[in-house]
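I have placed the structure first, in the form of structure tokens, so that the comments after it can refer back to it.
All chains are named by letter (A, B, ...) in the order of the sequence lines, taking the proteins before the strands, and each is independently numbered beginning at 1.
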Amino acid sequence: MNDAAILSVAGLRAKVADEDLHILKGVDLVIRPGEVHAIMGPNGSGKSTLAKVVAGHPAYEATGGSVTFRGEDLLDMEPDERSQAGVFMAFQYPVEIPGVSIANFLRTSLQARLEDDEELDLFDFQELLMERMELLDTDPSFAQRPVNDGFSGGEKKRNEILQMAVLKPSLALMDETDSGLDIDALKIVAQGVNTLRQENPDMSVLLITHYQRILNYIIPDMVHVMFKGRIVESGGPEVAMELEARGYEEYRKAHVA
Amino acid sequence: MSRVVTEPEKPRAAFVTGAVPKAGAVDPDWLRGRRAKAWDIYLDTPLPSTRSEEWRYTDLSRMLPLDALVPADVSLAVPAAANGDGTVPEPVRRAMAQDRHSAGRIVDVDGAIVAVELDESLTRQGVVLKSLRQAARDGDPVVESLLATRAVPASEGKFPALNAALWTDGVFLRVPANVHLDGPIRLSRWVSHSGSATFTRILIVAENHSQVSFVDECLSPDFESPTLVNTAVELFSRAGAQIQYVSLQRMGKGGFYLANQRTLAERDSTLDTLNVALGGSVGRVDLNARLLGPGANSDMLGLYFGDHDQHFDFNTSQDHVAPHAHSDLLYKGALDDSARGVFRGIIRVHEGAQGTDAYQTNRNLILSDRAVATSLPNLEIGADDVRCSHGATVGQLDAESLFYLMSRGLNREQAERLVVLGFLGEVLSRLPLGGVTEKVTRAIEAKLGNVR
């Protein structure tokens, strides 16, 4: 195993930008290249906030600790800089952008990665897009549809995976990507992630989820339980199984005690 | 304590009564008479005030120093007969070079027509494209019967009256029955004098089952003082004919663009309009679409993108006079900085206009805390068997959308640009006309600062 961490979170404290209340109260997490980490926890535990703070969501403010991505201070970077550095977040609620096709959106995203005087070759882009869509078994006409506009829940998630496939991140943050998906859509998403991991074994995944079931399809190396803004337990996939059986009750008791 | 203030009499170079005979010096009697009558109406009509519903958000008395404006003097311009390319200003030439194929071209500089070109095959088929003033002088009976009578007469209001009295020139286009044009006719307009007032008219008649598209582009430099361009647009589509009229308002700062447009669509004809407002300081378009015959159809499209302190105001009406006609309006605007957008639209279904199909949608995208959009859709229905709907939205480029785009690697400007182009692009895709989409897209991109 490669020892150099790709993501290293240490003592991270974060709050909602306009409020005093802290949601993350000292989170420590180390992810190495190629690892899949799952973070589970009840509603309001801060698991989604962790993903958003790592991606740079403006609604949250880090007030202490550090987030280091490949040795660079991520908290110091704008969301677009984080993306260009190799961080990708699959949204829980992908945003609709009427009038902008997926192809146009992705072309602009790739163009943004080039120097000012460089122009993305349109043929190369078309080829890449077609190849990526084939890889994910997606109909070519999909790329001509306006981004998420009128999409079903499953189509939105599929679009997130396609974007991930085109942008080829080294760290994928999956923010409750599985919520609201039926089992077929869930399988498609999981298959997409696994395909991309096969292609690039160094790609790391941080999977934020409420349910154990997605972990049947994307097998995690580590499972963390988050409770009230802290990681309270870490272990192998068995942690998820136990959690499924026991629920969060013992953490609640422990917290009170 | 009261005091008597005596202000020195300001020189009123503007709209003195003498301007009318001067403007009409070479006109036939009927036109001189029409000008004189229009002038009287102008004098009797107060300036539109914000107390009136239709002008509530555009305070011309504060914005436009009407009396300080100097009417364009066409006698200074080169007459059409003596034109060469030398009379076409460079910025106009550049804009013209962006156009694709045209069936004809006409150039208006400071209210005078300086160049006219029409495909020879069209001339042979009887298509008339010429200076409106010349057409009136030539005794064209269509001009005499339709100019400022049924479409935009002086009685319509202060500015239609002023225009009918003082118009210097404009375009007359008549397409004979069954003639179809394979490309648009393009009018390129240029206004050069700061503080001037230009009054022009456009009269288009498409006879039975003919087809024509017309692009009216207005350009100017930036002005130091308010500069008025006032246009009356009169469009007649006869039975089964098709007209597409596009207005591209791309004036410089200080430009005031006031347009009165009226479309009269007869039985089974199609009369579509697209109003694009990108330039100038203040733009006001009064568009009245009249559906006069069964089967008539009007698509009414509008696109505006304001920044700095630009002010755009659209006042539209869809008059369903005849039964079984169809009209569909879509106006979309993006507003940045402290720009202001006003849309006021009404669908009027007249008594007996059964089977009317009329729709009206206005959508606004707000890009800054200081930008304001006002949307006032309205319905007035005098028949019972109709399908009508209207809707308005004012939305923001919210933080979540911006974050979504930035999380894919776009910086803030690139993200904003993509959203605006996508939002406004819907309008352009509804009226694909040679080169218009590309030209408008480029102009929007230029306004967005050309970030990639």
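Of the listed residues (A:Ala85, A:Pro169, A:Gly99), the greatest number of heavy-atom pairs within a distance under 4.5 Å of chain B belongs to A:Gly99. Between chain B and the options A:Gln163, A:Glu96, A:Glu78, the largest number of non-hydrogen pairs under 4.5 Å is found for A:Gln163. Most heavy-atom pairs under 4.5 Å with chain A: of the set B:Val419, B:Leu424, B:Leu405, this distinction falls to B:Leu405. Of the residues considered (B:Ser401, B:Ala399, B:Gly422, B:Ala415), B:Gly422 shows the highest number of contacts with chain A, using heavy-atom pairs under 4.5 Å.
For A:Pro146, no part sits under 4.5 Å from any heavy atom of chain B, backbone or side chain. With a 4.5 Å cut-off on non-hydrogen atoms, B:Phe423 touches chain A through its backbone but not through its side chain. Only the side chain of A:Asn148 comes within less than 4.5 Å of a heavy atom in chain B; its backbone stays farther off. Heavy-atom distances place both the backbone and the side chain of B:Glu400 under 4.5 Å from chain A. With a 4.5 angstrom heavy-atom cutoff, A:Arg113 touches chain B only via side-chain atoms.
Taking the six-membered ring where tryptophan is involved, the planes of B:Phe343 and B:Tyr331 are tilted, since the angle between them lies from 30° to 60°. By the 30° and 60° cut-offs, the orientation of the rings of B:Tyr404 relative to A:Phe91 is perpendicular.
No side-chain donor from either of B:Arg340 and B:Gln310 sits under 3.5 Å from a side-chain acceptor of the other. Defined by atom type and a distance below 3.5 Å, a donor-acceptor pair is present between the side-chain atoms of B:Ser375 and B:Asn362. Between the side chains of A:Asp80 and B:Asn411, no donor N or O sits under 3.5 Å from an acceptor N or O.
Taking the six-membered ring for Trp and the full ring otherwise, the centers of B:Phe312 and B:Tyr57 sit at least 6.0 Å from each other.
Cation-pi check for B:Lys447 over B:Phe305 is met; the charged atom lies under 6.0 angstrom from the ring centroid and within 45 degrees of its normal.
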